[in-house]
Amino acid sequence: VFTCSIDSFDQICLMDANGENLVRLTTAAATEFYASLVPDGTGIVFSSRRDGPFQLYAMDLDGSDLRRLTEGLGSLYAPEVSPDGTRIVFTVESGNTQNIWVMDRDGSNPAALTLNGDNIDPTWSPDGMQVAFASTRSGSRQLWVMDSDGSDPRQVTDLPDMGGRSSWSPDGQWLA
């Protein structure tokens, strides 16, 4: 599942790993991106501004059963479903800052994991015990890791300035 640009809008598309069977899953006249496949392969969560500010939505793998998961938190980006399929980590933009939040997969029980600085692009570790994210809390944007409850944040890079999105190796030992 990935973001595809169609008719001047980012949309959600799906295709086989070999590049065949491309299917456009969304058709809103609005930006829809940051698609995340549910670990059991049955659904997708994504960010969309189809109803105003960016909110989080879920749908079945074939694009059916579209449902809005959030409302009133701010503009929401970068959702990712936990490895066990029960929670979603995402970014909330409010004012000029972004922070990392988590909620149940049905959209209930949203809670902030970070409250300071500009924190973006969260991603679960393979065991679901940690979340990697990019943050400017130490000055320049760096890669950080925290426990999945928001505790024990620690900086893991010291580079001139990083982008955002990262990815864990399947064994949880490396970040790219």
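A heavy-atom distance below 4.5 Å is found between the side chains of N119 and N99. Between M103 and I88 there is a side-chain heavy-atom pair separated by less than 4.5 Å. At a threshold of 4.5 Å between non-hydrogen side-chain atoms, the residues L14 and V1 count as touching. You'll find the side chain of W144 reaches within 4.5 Å of the side chain of S138, heavy atoms only. Under the 4.5 Å side-chain criterion, counting only non-hydrogen atoms from C-beta, P122 is in contact with T91. Looking at D84 and W124, their side chains never come closer than 4.5 Å, going by heavy atoms from C-beta outward. Within the 4.5 Å cutoff, no side-chain heavy atoms of S36 are placed close to those of Y34. The shortest distance between side-chain heavy atoms of R67 and D60 falls below 4.5 Å.
At distances below 3.5 Å, at least one donor-acceptor pair connects side-chain atoms of Q11 with backbone N or O atoms of T27.
Judged by distance alone, the side chains of Q55 and T70 do bring a donor and an acceptor atom under 3.5 Å apart. Residues T31 and D10 bring no donor and acceptor atom of their side chains to less than 3.5 Å of each other.
Open room surrounds CE on M129; 12 or fewer heavy atoms of other groups in view lie less than 6.0 Å from it.
Relative orientation of the Y77 and F54 rings is tilted, given thresholds of 30° and 60° on the angle between their planes.
For residues 16-28, the set of pairs meeting the salt bridge (Lys or Arg N to Asp or Glu O under 4.0 Å) definition, not counting sequence neighbours, comprises D7-R24.
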